[in-house]
Amino acid sequence: MSKQALIPPPGQQVRLADYDPSYTGEYASKKDVRKLIKRNRRRLRELQEVLYAEHKHALLIVLQAMDAGGKDGSIRHVMRGVNPQGVQVTSFKVPTPEELAHDFLWRVHRRVPGRGSIGIFNRSHYEDVLVVRVENLVPPEMWQRRYEHINAFERLLTESGVTVLKFYLHISKDEQKRRFEERLTKPEKFWKFSRGDLAVRAKWDEYMAAYEDALTRCNTDYAPWHIVPANHKWYRNLVLSNTIVAALERLDMRYPPPEPGIEQITIPD
Ligand code: AMP
Ligand code: MG
């Protein structure tokens, strides 16, 4: 199997059929990646400490996927062990009347992490060009303009010190079926099943088309999309943790220097 790009080539129309959701690169099984994931976890913990202490940069992780695509599992696995004080997870649901009375980025902007923090979006402003488009929740002229609004918004964030990492967790329709079936048979997963998800599944191809446009039109050099093969959870977790660690490494963060004259300070008994 040939190598598969994680970031689609900018400017090129994304065709999801070209991306294998079962791709696992050079690894054959979970056993092959256990050590790597563990190492990333340790490194992420150290990097988050410096991020928090330096108070200069912020990291925003955007997770998008079809239902059962693994958004919740990704958050659980990748963030295991990080200091909760520096992390804020936001799950975007059907907008409230108050949210609907504002522009679509209003509810999103206020959840963007501040300096020193990591923010995770479980769904995001992309719902406003995905479910909103497929379900005709606003007229086409309105959602069509949103790609540009999103790009401008993400540019603002990037230029304000926020690193934006966007992940599309790519599962196959078959894998979704398998995961839905688990939700019908495993007692600890019953709560995850929602009949409404079946109506969304029935429009799979329309959603794929909407995703392809979002992945194409909002794949900027400053906030690129990552298409993560997600049929195998262990590979998905590896890709996510590799990417997050690499992004934080690139920030070249430092613990703040001591205040001047620190060597003269003695702590009284
Ligand atoms: P869940 O992630 O399973 O808790 O479901 C959240 C639901 O909220 C999904 O069905 C999303 O499609 C829906 N949702 C999230 N954002 C929006 C939005 N901007 N407009 C309409 N529905 C949304
Ligand atoms: Mg759901």
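For ligands, and for the atoms within them, numbers begin at 1 and follow the listed sequence. As the structure is a prediction and not an experimental result, all values here were calculated from the model.
Rounded to the nearest 0.5 Å, atoms CD1 (Ile227) and CG (Asp18) are 9.5 Å apart.
Note on residues 129-158: pairs passing salt bridge (Lys or Arg N to Asp or Glu O under 4.0 Å), not counting sequence neighbours, are Asp128-Arg146, Arg133-Asp213, Glu135-Lys203, Glu154-Lys166, Arg155-Glu159. Sorted by first and then second residue, the side-chain hydrogen bond (donor to acceptor under 3.5 Å, both in side chains) pairs involving residues 30-40 (not counting sequence neighbours) are Asn40-Ser241, Asn40-Asn242. Pairs of residues two or more places apart, or lying in two chains, that qualify as salt bridge (Lys or Arg N to Asp or Glu O under 4.0 Å) and include a residue from residues 56-75 are Asp67-Arg123.
Of the N and O atoms on the side chains of Gln88 and Ser117, not one donor lies less than 3.5 Å from an acceptor on the other residue.
Just one of Phe153, Trp143, Tyr147 meets the ring-ring contact (aromatic ring centres under 6.0 Å, His included) condition when paired with His125; it is Phe153.
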Between the protein and ligand 1, are there any N or O atom pairs that come within less than 3.5 Å of each other, and if so, what are their names and distances?
residue	atom	partner	partner atom	Å
ligand 1	2 (O)	Arg123	NE	2.6
ligand 1	2 (O)	Arg123	NH2	3.2
ligand 1	4 (O)	Lys93	NZ	2.4
ligand 1	8 (O)	Val94	N	3.2
ligand 1	12 (O)	Glu127	OE1	3.3
ligand 1	16 (N)	Lys93	O	3.3
ligand 1	16 (N)	Arg107	NH2	3.1
ligand 1	19 (N)	Arg107	NH2	3.2
ligand 1	19 (N)	Asp128	OD1	3.2

